[in-house]
Amino acid sequence: MKPAITYELIKQCPHTGARAGRIHTPHGSFDTPIFMPVGTQATVKTVSPEELKAMGAGIILSNNYHLFLRPGSKLIKEAGGLHKFMNWDRAILTDSGGFQVFSLGDLRKISEEGVTFRSHIDGSKKFLSPEIATKSQMDLGADIIMAFDECVPYPADFKYTRESMELTLRWAQRCKDTMTSENQGLFGIVQGGMYKDLRIECANRLVDMDFPGYAVGGLSVGEPKELMYEMLDITLEHLPKNKARYLMGVGTPDCLVEGVMRGIDMFDCVYPTRVARNGTAMTWNGRLVIKNAQYERDFNPIDEHCDCYACRNYSRAYIRHLVRVNEIFGLRLLSIHNLHFLINFMKEMRQSILEDRFVDFYQKFTANFSFNAKSV
RNA sequence: GGGUAGGUGCCCGAGUGGUUAAAGGGAACGGACUGUAAAUCCGUCGCCGUAGGCUACGAUGGUUCGAAUCCAUCCCUGCCCA
């Protein structure tokens, strides 16, 4: 039987690891490399599905932990699945809740069996295991579901990291054993912290288990970027070329380019939407903190070359005004712009790979981009 | 005209003799944000500066070792009664 999720390699960059491809899912195919907007609670904050489609989003992310707690995976199953529930008919990927094991800090306790959480909503005790997380994700019905892993903090010593990786591997097997859905694909997650040999071992052993796609997790958790790139280099060497590769939680333009150059196909990140809600716009030159006083009388669009809804119709001064007076529309316009920017950014990168000029793209990008835009 | 309550930093507002450059909000300004406990969080916010100094609580004058805080006069504002 044909697997639910397949990766099609279309073009390999002859000079770097960058590659253009296409991923096929039960809810359509999308081109890679791709950026996936994050919609944790079954909605990409402030943005409608129609708007996401208009900007070209082919797949979005949602979160098992949050939906499991509220409204409950069973309720969503009852509603006809996550796609129907949230009115999104393209592909969806759900994260297992592994990241919450990491981010909820002292609200959780890890054991071999699984993770006991205190709900961040009401403090009640909740339990998530590889089996429960997988079944819950089967109820949600996302096209791609993720293994339940432990995301190791940075820094972490070797012993802890190795034990955690072993646990993640055992959990991955349990997820796989639980996964019976034929119209979903379960991705394994490579952990191993900042230790090359652990990364290699984790990748090899996951590949032996044979997943339809592999994620690189546990990166972008506060380590220097160079270290992250090193880990990516070594990890990707050990992942198969005929499967999708997903770098979890990465979304600043510089990291995206570096990831693509090393052969990553999929990225997700809350960065563009969170930063939007906090008054910042993303551009090819870097960030534009639109709420800053310097834009008070700037009647130009965020980016005059951008053809997103916000840039076609509104000025920096107007958006700054909306953000300052706390109007939701300002947060929406920035979210729409930032997502559009990243989706388009990936599209252009892909085009450069197809046309054998990725290296040129990389050099031009690096020359123009600084984290804080210096342009007017 | 009589009575009464009050005038505090950009705004609101606490403070009723020293530990007060003055709580707390708000505004303003800046920063952070990478598998979303986030329309959140953090910092600055009288002036000059390194210590330290200067100017400040309606105005002026007093009491006191010491006053935003007590007294006198004046100015202004809210409310009530004529």
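Given the structure is predicted, the values throughout are model-derived calculations rather than measurements. Below, chain A is the first sequence line, B the second, and so on; all start at residue 1.
Atom P of nucleotide B:G35 and atom CG of A:L256 are separated by 12 Å, given to the nearest angstrom. Atom pair A:L67:CG and B:A37:P shows a separation of 12 Å (rounding to whole Å applied). Atom pair A:F99:CZ and B:A37:C1' shows a separation of 11 Å (rounding to whole Å applied). One atom, CG of A:L107, and another, P of B:U36, lie 15 Å apart when rounded to the nearest Å. Summarising the geometry, the separation between CG on A:N278 and P on B:G30 is reported as 15 Å, rounded to the nearest angstrom. Rounded to a whole Å, the CG atom of A:D95 is 11 Å from the C1' atom of B:U36.
The closest side-chain donor-acceptor pair between A:S370 and A:N372, if any, does not fall under 3.5 angstrom. Judged by distance alone, the side chains of A:D356 and A:H15 never bring a donor and an acceptor atom under 3.5 Å apart.
For the C1' atoms, the distance linking B:G3 with B:C54 amounts to 43 Å, nearest Å. Nucleotides B:A21 and B:G46 place their P atoms 14 Å apart, quoted to the nearest Å. On the P atoms, B:A14 is 29 Å away from B:G61, given to the nearest whole Å. Separation of the P atoms belonging to B:A59 and B:G7 is 13 Å when rounded to the nearest angstrom. Comparing the C1' positions of B:U69 and B:G2 gives a spacing of 29 Å, expressed to the nearest Å.
Note: A:Y314 and A:Y309 have perpendicular aromatic rings, judged against thresholds of 30 and 60 degrees for the angle between ring planes. Ring geometry for A:F369 against A:F371 counts as perpendicular: the plane angle is over 60°, on a 0 to 90° scale with 30° as the lower cut. Between A:F345 and A:W284, the angle of the ring planes lies from 30° to 60°, which puts this pair in the tilted group.
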Query - Check against ring pair (Phe, Tyr, Trp, His ring centres under 6.0 Å), A:F102 and A:F99 - result: CA-CA 5 Å; A:F102 160 79; A:F99 185 71; 5.2 Å; yes
**Report entry** Worked check of side-chain hydrogen bond (donor to acceptor under 3.5 Å, both in side chains) between A:Q137 and A:T94
**Finding:** CA-CA 7 Å; A:Q137 291 186 89; A:T94 46; 2.8 Å; yes
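Rounding to the nearest 0.5 Å gives a distance of 12.0 Å between NZ of A:K11 and CZ of A:R350. Atoms CE and OH, from A:M165 and A:Y160 in turn, are 13.0 Å apart once rounded to the nearest 0.5 Å.
Between A:Q100 and B:G35, a side-chain N or O to OP1/OP2 separation shorter than 4.0 Å is absent. Distances shown here put every side-chain N or O of A:R332 at or beyond 4.0 Å from the OP1 or OP2 atom of B:A39. Phosphate contact (OP1/OP2 of B:U36, side-chain N/O of A:R277, threshold under 4.0 Å): absent. In this structure, A:N372 does not reach the B:G31 phosphate: none of its side-chain N or O atoms is under 4.0 Å from OP1 or OP2. Residue A:N63 places at least one side-chain N or O closer than 4.0 Å to OP1 or OP2 of B:U36.
Checked against A:D89 for a side chain to side chain donor-acceptor pair (under 3.5 Å), the options A:K53, A:H83, A:K84 give a single hit: A:K53.
The base-pairing partner of B:A38, taking Watson-Crick or G-U wobble contacts with both distances under 3.5 Å, does not exist among the strands shown. Across all strands shown, B:U44 is found opposite B:A28 as a Watson-Crick or G-U wobble partner, with both distances under 3.5 Å. When both pairing distances are held under 3.5 Å, B:A72 makes a Watson-Crick or G-U pair with B:U60. Checking B:A23 for Watson-Crick or G-U wobble geometry (two distances, each under 3.5 Å) identifies no partner in any strand. Nucleotide B:G78 forms a Watson-Crick or G-U wobble pair with B:U4, both donor-acceptor distances falling under 3.5 Å.
For the segment residues 184-212 of chain A, residues with any heavy atom less than 4.0 angstrom from an atom of RNA chain B are, sorted by number, A:I189, A:Q191. Within residues 216-237 of chain A, the residues that place at least one heavy atom under 4.0 Å from RNA chain B are, in residue-number order, A:G218, A:S220, A:K225. Contacts between residues 110-133 of chain A and RNA chain B, counted as heavy-atom distances below 4.0 Å, involve A:H120. Using a 4.0 Å cutoff on non-hydrogen atoms, the parts of residues 136-171 of chain A near RNA chain B are A:D149, A:C151, ordered by number. Contacts between residues 37-57 of chain A and RNA chain B, defined by a heavy-atom separation below 4.0 Å, involve A:V38, A:T40, A:K45, listed by number.
Heavy atoms only, all atoms of each residue included: A:S29 and A:H24 are closest at OG-ND1, 2.6 Å. The shortest heavy-atom contact between A:V47 and A:S335 is CG2-CB, 3.8 Å. What you find for A:F35 and A:I343 is that their closest heavy atoms are O-CG1, 4.2 Å.
For A:E112, the side chain to side chain donor-acceptor pair (under 3.5 Å) partners two or more places apart in sequence, or in a different chain, are A:R170. For A:S73, the side chain to side chain donor-acceptor pair (under 3.5 Å) partners at least two apart in sequence or on another chain are A:S136. By the salt bridge (charged side-chain N to carboxylate O under 4.0 Å, His left out) test, A:R22 is found to be paired with A:D31, residues two or more places apart in sequence or in another chain being considered. The ring-ring contact (aromatic ring centres under 6.0 Å, His included) test applied to A:H321 returns no partner, not counting sequence neighbours.
Judged by distance alone, with hydrogens and angles left aside, A:R274 brings a side-chain donor or acceptor within reach of the base of B:A38, the pair sitting under 3.5 Å. If you check distances only, the side chain of A:S103 never reaches the base of B:U36 with a donor-acceptor pair under 3.5 Å.
Evaluation of the side chain to side chain donor-acceptor pair (under 3.5 Å) test over residues 212-227 of chain A, restricted to residues two or more places apart or in two chains, returns A:K225-A:D254. Listed by first then second residue, pairs satisfying salt bridge (charged side-chain N to carboxylate O under 4.0 Å, His left out) with a partner in residues 211-220 of chain A number zero, not counting sequence neighbours.
Map A:V289 and A:N326 each onto its nearest nucleotide of RNA chain B; the residue landing nearer the 5' end is A:V289.
Glycosidic conformation of B:A21: anti, with the torsion beyond 90° of 0.
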Restricting both atoms to N or O, compile the protein contacts to nucleotides 25-28 of chain B shorter than 3.5 Å, with distance only.
none

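Nearest nucleotide to the A:V270 side chain, out of B:U36, B:A39, B:C33: B:U36.
A:V216 and A:M228 end up in the same hydrophobic cluster when Ile, Leu, Val, Met, Phe, Trp and Tyr side chains are linked at under 4.5 Å. A:L339 and A:L333 fall within the same hydrophobic cluster, where Ile, Leu, Val, Met, Phe, Trp and Tyr residues are linked whenever their side-chain heavy atoms come under 4.5 Å apart, directly or through other members.
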